[in-house]
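Heads up, the thing below is written out as structure tokens.
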Amino acid sequence: MLQNTQAEDIISVKKHTPSIKSTITTTTTSLSATLTYDDELNRLPRKIAKRVVTFQPRSSQLDRETLDSHQYPFRGFFTLFWIAMGFYIIQTGVKNFQSAGILLDLTFFRLFSQDALGLILSDACMVGSMFFAVLLQKAIAHGWIRWRYTGMIIQHIFQITFLFVPIYWTFFKGWPWVQSGFFVLHTISMLMKLHSYSFYNGELSTYVIYLYELKKKYANLIGDSKKNDNEIDEKKEDEKQQILDQLKSKIEQVEGYLHSPAGNIRYPENVTFANYVDFLLVPTLVYELEYPRTEKIRPWYLFEKILATFGTFFLLYVNTETYIIPVLPNVSTSIYNAMVQMLFPFMMNYLLIFYIIFECICNVFAELTCFADRNFYDDWWNSTTWDEFARKWNKPVHHFLLRHVYQSSIESYKLSKRDATFMTFFLSSLIHELVMVVVSKKIRMYLFFLQMFQLPLIWLSKLPVIKGNKWFGNAFFWFSLFLGPPMLGILYCREVFASD
């Protein structure tokens, strides 16, 4: 019924008469009509292969169970790191008590707890507005509107509104940088989910139309063949059978694209509010009809990850409150002295933020949703080039950019791989800079240019002197990572506090 509703809007089928001439003409016409879809259909295997991110049951690399099960030879250093963090907290508390008579200052806490209720309500409204995408996809699935191009235009208008209304709201509320940064980052993350869900299902809706057209042509040819069995010679019959085989192959091909790889769900059965809520909760930015799942939720594992989340956040708070907050707002300190003081605190924060997001929070949501693929990052710490780092350190965002920016720009806009790579870095740099504009309330483009500078660094990494010496490339990567974050922090903070 759904297929008929969608297809009747755009398909008209010619009537056939049972004569030899008309049968041959019908066959040719049917083949020609089918071939009008061939360019699209022949691209489908490549498009689907590129579009689908292969999800499979995997553990994250720094997960305690992974370290134990794989017997990694360096797992003792992981234990050493957390013991060292424990002594770091004790040392910091003793130092603060001796110098100021308190174990821990609460200046940073008062900053990020400001208007907490307003932030929670604003975030809930932002997430709630995302369900418009389900209503739009239901309308498309029922054939009330078409994805190409009415649905696409509506979706793009909604996405633009979805992004810029929250940005305006952060300026209107006058939130400090912590609240503004969190809200806009969460908005951008949800925007990526919104885009992936809508364009994946929108594309599948066009395949339903192709499928209906193919089945219609196939049925017509079968009917004509039965009416004129005695009037068609053997040569014509072979020709017609070849056309029928091609149509049958296309039907099976497109039918396969409408099913999940495991075959448990088919479009448009997935266009439900329950399925959408599940997608919002699973820790991935790329939509699929079906994901690999674990058998059950493990309470102790969940407790361990939640405890690690709060413990890591406490470490992050202590490091920021003790070593970063006293230095960055002080514009009288020279950039050189500030850089020297910020090298280790910023690197510590960088590692802790990575761990709390990709090892703790992502695993919490994965466990709650029984999401089996925990490959949220690879061994980015062994990176020898910046493109390798970009692929490994944030796999959810990498998968999104790969499917919806890099591959989409090649297929839709016929860009070369080099131009598509540039476009991907350019868009990613713009989004990163947009976050800094919201946080700092100024347009300075420091992060944009520093991130775009990775492109010539990637080219340099292909030189034999670096490509042939992995240790040199890895040392250069870590050296750059040590300098970049504190430099950006100092530059942006001086812009903010110098004008206060």
Side-chain angles (χ1 to χ4, degrees), residues 51-70 72 74-75 77-78 81-82 182 185-197 200 278-288 290-295 297-298 301-313 315-316 349-383 386-406 424 428 431-432 435 477 481 485:
R51 187 189 66 192
V52 171
V53 177
T54 304
F55 291 95
Q56 56 184 330
R58 288 176 287 190
S59 300
S60 54
Q61 296 202 27
L62 295 179
D63 187 85
R64 180 180 56 81
E65 294 182 354
T66 304
L67 295 174
D68 291 341
S69 62
H70 289 77
Y72 285 145
F74 293 101
R75 63 188 183 278
F77 282 102
F78 185 76
F81 174 80
W82 290 111
F182 167 80
L185 282 171
H186 194 203
T187 299
I188 291 171
S189 299
M190 293 297 102
L191 177 63
M192 288 189 281
K193 278 182 174 280
L194 181 68
H195 180 89
S196 185
Y197 175 85
Y200 188 102
D278 177 75
F279 174 58
L280 294 183
L281 292 176
V282 293
T284 179
L285 302 176
V286 172
Y287 181 77
E288 293 290 347
E290 189 177 15
Y291 301 101
R293 304 286 183 166
T294 57
E295 294 181 357
I297 297 175
R298 298 167 292 176
Y301 180 88
L302 189 62
F303 174 76
E304 175 189 330
K305 292 302 179 183
I306 293 174
L307 187 64
T309 300
F310 285 103
T312 308
F313 181 79
L315 284 170
L316 188 65
N349 269 16
Y350 194 90
L351 296 176
L352 292 175
I353 290 172
F354 158 77
Y355 188 81
I356 198 174
I357 293 176
F358 298 107
E359 182 57 40
C360 298
I361 295 176
C362 282
N363 268 305
V364 165
F365 279 95
E367 193 66 25
L368 288 172
T369 57
C370 295
F371 185 74
D373 194 342
R374 314 291 173 89
N375 184 227
F376 308 122
Y377 56 89
D378 283 329
D379 59 333
W380 60 266
W381 45 87
N382 293 325
S383 299
W386 282 101
D387 59 328
E388 181 183 2
F389 170 74
R391 293 192 305 270
K392 288 184 174 182
W393 109 277
N394 187 341
K395 296 294 286 292
V397 170
H398 170 69
H399 289 157
F400 176 87
L401 293 175
L402 182 64
R403 175 194 286 186
H404 294 291
V405 180
Y406 178 79
T424 304
S428 176
I431 295 298
H432 280 80
V435 175
F477 158 75
L481 202 59

Using a 4.5 Å cut-off on heavy atoms from C-beta on, say whether the side chain of [Y] contacts that of [X].
X	Y	answer
F279	Y197	yes
W82	L315	yes
I306	F310	yes
F365	V282	no
W381	L351	no
P57	D373	no
R403	Y200	yes

Please check if atom CD in Q56 has more than 12 non-hydrogen atoms from other residues, nucleotides or ligands closer than 6.0 Å.
yes
Minimum heavy-atom distance [X]-[Y], with the two atoms named:
X	Y	result
P283	C362	CG-O, 3.5 Å
F55	V286	CZ-O, 4.2 Å
L368	I297	O-CD1, 3.5 Å
F78	L62	CZ-O, 3.6 Å

Please work out which of the three classes, parallel, tilted or perpendicular, describes the rings of W393 and Y350, given edges at 30° and 60°.
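Ring orientation of Y350 relative to W393: parallel.
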Parallel under 30°, tilted from 30 to 60°, perpendicular over 60°: which one fits the rings of F389 and F477?
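The rings of F389 and F477 sit tilted, inter-plane angle from 30° to 60°.
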Residue pair Y291, T369: steps toward the side chain to side chain contact (heavy atoms under 4.5 Å, CB included) verdict:
CA-CA 10 Å; Y291 301 101; T369 57; over 6 Å; no
Would you kindly say whether S60 and N375 are connected by a side-chain donor-acceptor distance under 3.5 Å?
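Short answer, no.
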Please check if any side-chain donor atom of T284 sits under 3.5 Å from a side-chain acceptor atom of H399, or the reverse.
no
Hey, could you give me the [atom1]/[atom2] distance between [X] and [Y], rounded to the nearest 0.5 Å?
X	Y	atom1	atom2	result
I353	F358	CD1	CZ	10.5 Å
L281	C370	CG	SG	12.0 Å
S196	L191	OG	CG	11.0 Å
L316	N349	CG	CG	4.5 Å
S428	Y406	OG	OH	15.0 Å
L194	T187	CG	OG1	11.5 Å

Residue list, side chain to side chain contact (heavy atoms under 4.5 Å, CB included) with R298, at least two apart or on another chain
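Applying side chain to side chain contact (heavy atoms under 4.5 Å, CB included) to R298 gives E65, Y301, E367, R374.
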Just by distance, do the side chain of [X] and the backbone of [Y] share a donor-acceptor pair under 3.5 Å?
X	Y	result
K305	I361	no
T312	A308	yes
S189	L185	yes

Partners of H398 by side-chain hydrogen bond (donor to acceptor under 3.5 Å, both in side chains), sequence neighbours excluded?
none
With sequence neighbours excluded, tell me which residues meet side-chain hydrogen bond (donor to acceptor under 3.5 Å, both in side chains) with Y287.
N270, N275
Is there a side chain to side chain contact (heavy atoms under 4.5 Å, CB included) between W386 and L481 once you walk through the steps?
CA-CA 10 Å; W386 282 101; L481 202 59; 4.0 Å; yes
R391 and D378: salt bridge (charged side-chain N to carboxylate O under 4.0 Å, His left out), yes or no, with the steps?
CA-CA 8 Å; R391 293 192 305 270; D378 283 329; over 6 Å; no
For Y377, which of E359, K395, Q61 qualifies under side-chain hydrogen bond (donor to acceptor under 3.5 Å, both in side chains)?
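Output: one option passes, namely E359.
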Between K392 and D387, does any NZ, NE, NH1 or NH2 come within less than 4.0 Å of an OD or OE carboxylate oxygen?
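K392 and D387: not salt-bridged.
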